[in-house]
J.: 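Dropping a structure here in structure tokens format, bear with me for questions.
Proteins come first, then strands; the chains are lettered A, B, ... in the order of their sequence lines, and each starts at number 1. Predicted model, so just to flag it, every value in this text is computed and none were measured.
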2 protein chains.
Amino acid sequence: MAPRGETKERILAKALESFSTVGYDGTSLDDLAESLGIRKQTILYHFVSKRGLLNAVLDESVKILTESLEEVLASNDPHRDRIEDLVRSVFRVALEQPLLLGLLREVSRPGSPAAPRLKNQMGPLMERAISWMEGEMEAGRMRKTDAQLVLLSAYSTVVGLATEIEILRTAGVERVLRPSAQRRQELLHFLRTSLTPIE
Amino acid sequence: MAPRGETKERILAKALESFSTVGYDGTSLDDLAESLGIRKQTILYHFVSKRGLLNAVLDESVKILTESLEEVLASNDPHRDRIEDLVRSVFRVALEQPLLLGLLREVSRPGSPAAPRLKNQMGPLMERAISWMEGEMEAGRMRKTDAQLVLLSAYSTVVGLATEIEILRTAGVERVLRPSAQRRQELLHFLRTSLTPIE
DNA sequence: ACCAAGACTTACCAAATGGTAGAAAAATAG
DNA sequence: CTATTTTTCTACCATTTGGTAAGTCTTGGT
């Protein structure tokens with residue numbers, strides 16, 4: 001029928017959407033299939049089980065995120081502001097693929113079935129980021145703090161911006177969603193002032 | 001049997017545990033009942049439906065959190081460091097009732113059935129916190145930034161510390177969990193350096 | 001033309017889910 | 001002790017769930 005892997009990718013896309021909004025348990029294969037105009041067994045054919053589908057979606061998402069960050073971490077150009085590059089990069093992903101961060105949020109819950117898989121895949125990346133930060137601190141280009149805490153804080157903030165905004169939207173004042181560019185600028189400022197060493 | 005509302009509270013406690021770890025959809029009333037040595041219908045008797053149970057658990061949790069914060073926000077003592085008090089207060093809750101923050105995280109997902117209820121309950125508190133911060137900024141006691149962003153960032157960080165640590169535990173280096181007191185100190189430092197105005 | 005492999009479907013199913021109806025047991029009031 | 005109310009249980013049930021088995025249809029190679 002569909003000659004190429006077109007169906008498979010359509011399933012992956014819809015699955016990402018569903019997992020990241022209603023969660024893993026909240027996603028029914030039947031509903032997913034129906035929303036695709038497809039029979040459930042087609043899904044099971046491509047991905048052996050529901051768990052298999054989650055794994056596939058997760059793998060794809062982590063890959064995108066990793067590639068985006070790896071690029072920044074790899075460059076050694078001392079003229080560029082690495083922190084700014086990182087924030088920009090993550091923000092770009094968050095804006096282009098907000099569902100992707102939603103999935104991360106969903107899957108990084110302690111009780112999630114895919115939590116260990118996520119650990120394995122994100123582990124090396126985290127390790128690199130942390131050791132890079134610690135290197136910067138050693139060299140005096142960054143104020144000495146708990147690298148992991150800063151990382152967790154920034155990560156949580158961005159994920160929060162991408163997902164949890166919903167709550168604040170009506171909870172806070174009326175107009176809440178500042179242009180994301182401005183938001184990014186302010187997060188950047190926030191991070192920089194607490195990270196740049198005192199001259 | 002149990003003469004007082006003892007059973008009801010036992011149910012609430014276990015429900016909080018379950019909701020905050022495996023999520024709402026991941027929680028089965030049968031399992032919950034079994035883990036309590038009770039029949040499912042007893043749960044349905046006290047709380048009309050599963051959703052009713054979630055609402056009850058949520059109400060209780062928000063109440064605890066609100067009381068803890070309200071106390072700090074209310075005091076007008078200019079000699080005390082309000083930020084420090086806030087961080088301490090939230091950390092105390094996070095340490096004593098980590099499940100409570102897990103529930104918040106679960107329920108604050110956009111697609112959650114209890115999201116609107118959470119909005120309504122947390123709304124006023126958020127509003128107060130934000131307007132307080134903006135007041136501080138006006139008075140020059142706090143550097144001018146996006147109050148909501150800072151709030152979201154701090155909130156996400158603490159929730160992250162309470163729940164998402166799991167990922168970093170094995171992902172990052174071996175020993176990761178610094179004593180929470182130290183963690184709190186570093187978050188405090190992190191916040192203060194980016195919030196105190198330049199003299 | 002034929003056949004093997006891939007893609008997708010229909011037909012089922014056992015288990016689990018949230019929920020209803022009503023009986024039994026326990027606590028309490030008189 | 002009896003009547004009543006509160007609490008808990010047994011017995012069911014309709015629906016949904018993820019998954020299996022086996023078929024049909026399509027496509028591409030020879």
J.: Cationic tip of B:K8 within the cone over B:Y45's six-membered ring, i.e. under 6.0 Å and within 45° of the normal?
T.: no

J.: Mind calculating the distance between CG (A:L36) and P (C:dT9) to the nearest angstrom?
T.: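 One finds 11 Å between P of C:dT9 and CG of A:L36, rounded.
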
J.: What pairs of residues pass the salt bridge (charged side-chain N to carboxylate O under 4.0 Å, His left out) test when at least one of them lies in residues 53-63 of chain B, not counting sequence neighbours?
T.: B:D59-B:R117

J.: Between P on D:dG19 and NE2 on A:H46, what's the gap in Å once rounded to a whole number?
T.: 16 Å

J.: Is there a side-chain polar atom (N or O) of A:Y45 under 4.0 Å from OP1 or OP2 of C:dA7?
T.: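 Indeed, a polar side-chain atom of A:Y45 lies that close.
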
J.: Take atom NZ of A:K8 and atom P of C:dG6, then tell me their distance rounded to the nearest Å.
T.: 12 Å

J.: How would you list, by chain and number, every residue that makes a salt bridge (charged side-chain N to carboxylate O under 4.0 Å, His left out) with B:R92, sequence neighbours excluded?
T.: none

J.: Could you check how far CD1 of B:I38 sits from C1' of D:dT7, rounded to whole Å?
T.: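 Between C1' of D:dT7 and CD1 of B:I38: 10 Å.
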
J.: State which residues pass side chain to side chain donor-acceptor pair (under 3.5 Å) with A:R51; sequence neighbours excluded, sorted by chain then number.
T.: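 None.
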
J.: Take atom CD of B:E34 and atom P of D:dC9, then tell me their distance rounded to the nearest Å.
T.: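 Checked: the CD to P distance equals 13 Å.
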
J.: What is the distance, rounded to the nearest whole Å, between atom CG of A:L54 and atom P of D:dG19?
T.: 12 Å

J.: Would you mind reading off the distance between A:I43 atom CD1 and D:dG18 atom P, rounded to a whole angstrom?
T.: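 Interatomic distance, CD1 of A:I43 to P of D:dG18: 9 Å.
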
J.: Side-chain donor-acceptor pairs under 3.5 Å in residues 31-40 of chain A, sequence neighbours left out?
T.:
unit_1, atom_1, unit_2, atom_2, d
A:S35, OG, A:L32, O, 2.8
A:K40, NZ, A:D30, OD2, 3.4

J.: Applying side chain to side chain donor-acceptor pair (under 3.5 Å), can you list everything that pairs with A:K14, at least two apart in sequence or on another chain?
T.: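 Scan of A:K14 (side chain to side chain donor-acceptor pair (under 3.5 Å), adjacent residues dropped) gives none.
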
J.: Looking at B:T7, does any N or O in its side chain come under 4.0 Å of the phosphate oxygens OP1/OP2 on D:dT7?
T.: no

J.: Between protein and nucleotides 15-18 of chain C, what N or O pairs are separated by less than 3.5 Å?
T.:
unit_1, atom_1, unit_2, atom_2, d
C:dT17, OP1, B:S28, OG, 3.4
C:dT17, OP2, B:S28, OG, 3.4
C:dG18, OP1, B:T27, O, 3.2
C:dG18, OP1, B:K50, NZ, 2.7
C:dG18, OP2, B:L29, N, 2.9
C:dG18, N7, B:K40, NZ, 2.8

J.: Measure from CD on A:Q41 to P on C:dC13 and round the result to the nearest Å.
T.: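 The answer, rounded to whole Å, is 14 Å.
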
